[in-house]
Each structure stands twice: as structure tokens, then as C-alpha cells.
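What follows is one structure encoded as C-alpha cells, with my remarks underneath.
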Amino acid sequence: MGLEMWLRTGLLMGILTGLLMGIGYLFGGPNVAFAMFLFAMLFNFITYWYSDKIVLSWYNARIVDEMEAPELYAIVRGLAERAGLPMPRIAIIPSETPNAFATGRNPEHAVVAVTQGLLRILNRDELEGVLGHELTHIKNRDILIGTIAAAMAGAIIQLAYWARWIAIFGSYDDRDGDNILAAILVAVLAPIAAMLIQAAISRSREFLADEGGAKLSGKPWALASALLKIEQAVRYRPMREGNPATAHMFIVNPFRGMSIANLFSTHPPTEKRIERLRKIAEEMGYMPNF
């Protein structure tokens, strides 16, 4: 992994550690802050090694073998060989909202997850384009920081929810007044911290993955068609399950219409992505008709 990726990953973990220590100090002073520091170290360890499993569990994603999904395996294997990557595991998400993401801490431990809806509405060429996009994320090593950011932001959102409940139902006598104030501060600051975490995920990574997916599959028009289909489907059938903190991981933000999900989306507008794919098609010698 490059130095930049290590620095960005370290920054994410540092933000979480500082946030938890600050919360601990607000609620209980230096002793609680130190306890939160120890908890943050444990959480950082778990997040690094198991964030992919955490994210997959949010979507009830099931790892499938080649006998269950032979065509999907054939496409991924061919693209992985072309990209010089080890064969990733494949998971299917039981959702009719078409979408896909890649996760894992490195190419040797990567997982490509697709929804049932994606397999239903895309043809083979379009599926190759989407899977090429996800394998490019793996090759560019975007998956570690994206997965860690999702797990951390999800934890921060949950912390904010708890703080709101404490603020609403906590005791209002003088003894507990400071704790209620701290809970309110956490409820306000946690979403801001989540936005800072997501700022580490650059929109340019999606453009790079689109370009890589187009060239890896050799079918930029198919990827453009797939993006348009997914965008339209999400508009009418947004994903209801899962965690909005993972919005940046999907090829298209699946949580349209949910205000909190917009905080976590790092996707450029789909029309701009299609325009970029049109230019890539021209560079590859194709006459784009999309």
C-alpha cells in the first residue's frame, strides 16, 4: 500500500480516536477519556481486520461459490486475470435495488458484492462494465480506506443516535445537566466528524474506477448503460436496508431521498460520469452512441 493510503488510513483512525477521547472527557473527565482511548485502540484493530465482514453483515451479503453463480464467477475471473489480480470472493446481497461494491483490506482479501437486483436488470456486457469498475477499486487499493471509513462513520452515526436519546430522556436535575449538555454536543458534532471522515474519500476515485472498468472490460458503452440503469432504478426503488454510511462504497449511491445519506455520498453526478465514458470510448476508437 502506498504512503498516501497509509497516511489517509491513519488519519481516519486518528479522527475516531480523538473523537472518542473528547466524548469521554465531556462525560467523565480524564479517566473516562483514557478509557475511551483504550476502547478506540481496540476498535481501530477490529476495524482494520474485520471492517469488510462488518459491512457485509449490514446487508446480509452471502458469499457464494462457483456452482451457485457460474456466470458471475466466469466474468470476475476473466476480469481479475486481465487486471493481474487474485480472484476475489463473490457475495450476493438479497436486495432488489441494483448496485454493487467491493470491500476488503487488500486485493488478497477482497470481496465483490452485487445485489440480486443488479443481476436481474443488467445484461452480460453491462455486468462486465460494473464488475470491471469494482475490480479497479481493488487494484487501486481504494477498498481499505473506503471500508474502514464506512465502519467508522457507521459507529459515529450510532453514537449520535444514542446521544440524542440521552439528551431527550435523560434526567433534568442539576447533577445530570452537564451530561445532557455533553450528549447534545455529541449529537451535533458526531455527524460533522462523519463528514470529515468521508472527506478522505475523493470523488476522483470514482472517475478513475469508471475509466479502469471501461478499459478492463473493453466496453465503455456498457458501463455507461449500466450506470444509467442503476441510477434510474435507485431513483424509484432506493435501498431501505443497510447503513447510509456505506453510500460511498456503492457504484451509485443507493440511498436516494434519505437526507443523512447525502452526507456520505462521494459520487460525481451520473451524467458527468457518462460524459467521461463517452470520451474514453472515443479514445479507444469506438463511436459512442450513448
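Residue indices begin at 1 and follow the sequence shown. We use all heavy atoms of the structure for the numbers below, so side chains are in, but hydrogens, waters and symmetry mates are not.
The number of heavy atoms from other shown groups lying within 6.0 Å of OH (Y25) does not exceed 12.
Using a cut-off of 4.0 Å between Lys/Arg side-chain N and Asp/Glu carboxylate O, E68 and R62 are scored as salt-bridged. Salt-bridge formation is not detected for the pair E81/R77: no Lys NZ or Arg NE/NH1/NH2 atom is positioned less than 4.0 Å from an Asp or Glu carboxylate oxygen.
Looking at residues two or more places apart in sequence or on another chain, you find a salt bridge (charged side-chain N to carboxylate O under 4.0 Å, His left out) between E96 and R120. When the salt bridge (charged side-chain N to carboxylate O under 4.0 Å, His left out) test is applied to E283, no partner is found at least two apart in sequence or on another chain. Scored by the salt bridge (charged side-chain N to carboxylate O under 4.0 Å, His left out) test, E211 finds K215 as partners (sequence neighbours excluded). Taking the side chain to side chain donor-acceptor pair (under 3.5 Å) definition, one finds that Q116 meets it with nothing, sequence neighbours left out.
A donor and an acceptor atom, one from each side chain of T97 and T115, are nowhere located under 3.5 Å apart. Side-chain contact annotation: E206 with H248, donor-acceptor N/O pair under 3.5 Å absent.
Residues N106 and L144 fail the side-chain proximity criterion, which asks for heavy atoms closer than 4.5 Å. With contacts defined as side-chain heavy-atom distances shorter than 4.5 Å, the pair V252/R273 qualifies.
Under a 4.5 Å side-chain heavy-atom criterion applied to ILVMFWY residues, the cluster that includes Y236 comprises that residue alone. Applying the 4.5 Å side-chain rule to ILVMFWY residues, one finds F34, F37, L38, M41 in the same cluster as M21.
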